[in-house]
> 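Would you mind keeping the following structure in view while I ask a few things?
Computed over heavy atoms, backbone and side chain alike; hydrogens, waters and symmetry mates excluded.
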Amino acid sequence: MTASLQDRRSVLGAAYRLFYAEPLTLVRGSGVEVFDADGRRYLDAYNNVPVLGHAHPAVVEALTRQAGQINTHTRYLHDTILTYAEALTATFPDPLNHAMFTCSGSEANDLALRIAMTVTGGTGVIVTENAYHGVTALLAGLSPSLGIGTAPQVRTVPAPDSYRQTEDVGAAFGAAVAAAADDLRQAGIQVAALLVDTTFASDGIHVGPTGYLDAAVAAVRAAGGLFIADEVQGGFGRSGRLWTFLHQPGLVPDLVTLGKPMGNGHPIGGVVTRKDLLDVFGARSRYFNTFGGNTVSAAVGLAVLTTIQQGGLPTHAATLGADLAVALDGLRRHTVVGDIRGLGLYYGVELISDRVTKAPATALAKAVMDEMAREGVLIGVCGIASNTLKIRPPLAFCAQHVAELTGVLDRVLSRLT
């Protein structure tokens with residue numbers, strides 16, 4: 001293992017990172033299971049990219065069929081991209097009825113910001129204080145979780161945290177966004193957008209009460225900006241609705257960005273928005289992406305969306321997620337478990353060292369993640385202090401997988417605390 005790691009570093013460079021204290025060499029996946037080079041099986045309770053499950057047959061068939069015919073781009077007419085765009089936009093509330101396609105969630109957020117900046121004439125962007133939105137130069141400057149600081153036109157606000165905040169989280173979030181917009185204005189910077197991951201995943205997974213985003217969205221629009229809902233992590237059924245923002249009645253973003261699970265592992269992303277915004281953008285700017293919306297990606301995206309809809313997978317996520325919530329709630333008997341929060345098949349378990357001070361147990365969370373991997377269950381960590389266990393399995397998860405996940409987690413917490 002040491003030699004192979006050294007080979008990796010000499011070829012790929014120092015900026016890459018690996019999961020787990022004992023890195024895994026995964027060679028095969030099926031459904032919610034992955035297997036290493038020695039044939040050992042792991043339960044995947046972390047990777048939301050293969051949203052349908054690893055090596056899903058409908059995706060493999062769509063990809064190989066279209067790749068065997070032709071793979072080209074959006075400067076040629078092709079039925080599949082139109083069929084996919086129509087099916088995708090039909091899942092959104094009016095007036096979100098236009099789509100543009102990219103290769104990744106990073107590109108989707110980059111494109112959404114270009115649109116917002118073109119339409120508003122502003123450059124200022126408001127994000128949460130530990131947000132992650134992508135890897136382009138623009139998005140890295142909007143992703144404080146990367147640890148490299150933020151760009152001068154960016155302002156950060158605390159995520160709405162119902163565990164640590166005593167006040168109304170929606171009101172507090174709205175006030176923070178309004179203050180950030182005012183600070184940008186005083187600096188001579190027009191607000192372009194509030195960009196929010198609708199699961200607040202990097203901030204520790206926060207899906208607050210009904211209406212908790214309303215004040216913030218109203219504040220950015222009052223300042224002349226737009227609301228961009230980043231559904232790259234939370235979209236495609238994981239929350240128990242096809243889109244996480246749909247849990248908030250009446251909330252209609254100006255732009256929605258998509259990625260990760262959109263292609264079940266195949267690289268595809270996109271932006272869904274209003275016609276009037278794209279009319280302005282199109283009149284002032286040209287957009288072409290060689291691989292964004294290519295025929296193979298369109299076929300794969302359509303297969304993923306069709307499988308989710310025909311299989312009723314958002315409902316499955318909601319139903320099984322309720323069972324997961326109950327099972328996780330039983331772990332509160334461990335004094336290090338401070339809070340459990342989430343929706344559907346997307347949950348965070350925040351670990352603390354003291355229930356009074358709520359001091360984050362960062363080292364313990366990392367140890368739990370590593371020990372879970374040794375026990376054959378894959379999870380992650382998130383949050384500004386990296387003390388929240390991140391659980392987001394493929395939608396192929398079933399009752400026995402919930403029992404396995406929570407049983408191993410219970411055993412590991414008992415052993416480490």
> Give me the ring orientation class for W243 and F92: parallel if the planes are under 30° apart, tilted from 30 to 60°, perpendicular past 60°.
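Rings of W243 and F92: parallel, as their planes differ by under 30°.
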
> Has H73 got a side-chain atom pairing as donor or acceptor with F288's backbone, closer than 3.5 angstrom?
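Side chain of H73 to backbone of F288: no pair is present.
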
> Under 6.0 Å from the six-membered ring centre of F35 and within 45° of its axis: does the NZ or CZ of R41 meet both?
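No.
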
> What residues form a side-chain contact (heavy atoms from CB on, under 4.5 Å) with R374, not counting sequence neighbours?
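Partners of R374 under the side-chain contact (heavy atoms from CB on, under 4.5 Å) test: A21, E22, D370, E371.
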
> Return the OG1 to CG distance between T295 and N71, rounded to the nearest 0.5 Å.
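CG of N71 is found 4.0 Å from OG1 of T295.
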
> Is the centre of the F281 ring less than 6.0 Å from the centre of the Y287 ring?
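Aromatic pair excluded; centres sit 6.0 Å or further apart.
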
> Tell me every residue that passes ring-ring contact (aromatic ring centres under 6.0 Å, His included) with Y46, counting only those two or more places apart in sequence or in another chain.
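Testing Y46 for ring-ring contact (aromatic ring centres under 6.0 Å, His included), a comparison that skips the adjacent residues, returns F19.
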
> Not counting sequence neighbours, which residues clear ring-ring contact (aromatic ring centres under 6.0 Å, His included) with H401? List them please.
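Result, ring-ring contact (aromatic ring centres under 6.0 Å, His included) vs H401: F397.
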
> Can you name the side-chain contact (heavy atoms from CB on, under 4.5 Å) partners of P57, sequence neighbours left out?
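Testing P57 for side-chain contact (heavy atoms from CB on, under 4.5 Å), a comparison that skips the adjacent residues, returns none.
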
> Who are the salt bridge (Lys or Arg N to Asp or Glu O under 4.0 Å) partners of E375, not counting sequence neighbours?
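Once residues adjacent in sequence are excluded, the partners of E375 under the salt bridge (Lys or Arg N to Asp or Glu O under 4.0 Å) criterion are R411, R415.
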
> So, for F200 and F173, is the gap between ring centers shorter than 6.0 Å?
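Yes.
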
> Holding to side-chain contact (heavy atoms from CB on, under 4.5 Å), I want the full list of residues that pass it with A215, two or more places apart in sequence or in another chain.
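side-chain contact (heavy atoms from CB on, under 4.5 Å) list for A215, sorted by chain: empty.
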
> Return yes if some donor-acceptor pair links the side-chain N/O of N48 with the main-chain N/O of Q233 below 3.5 Å, else return no.
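It does hold such a pair.
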
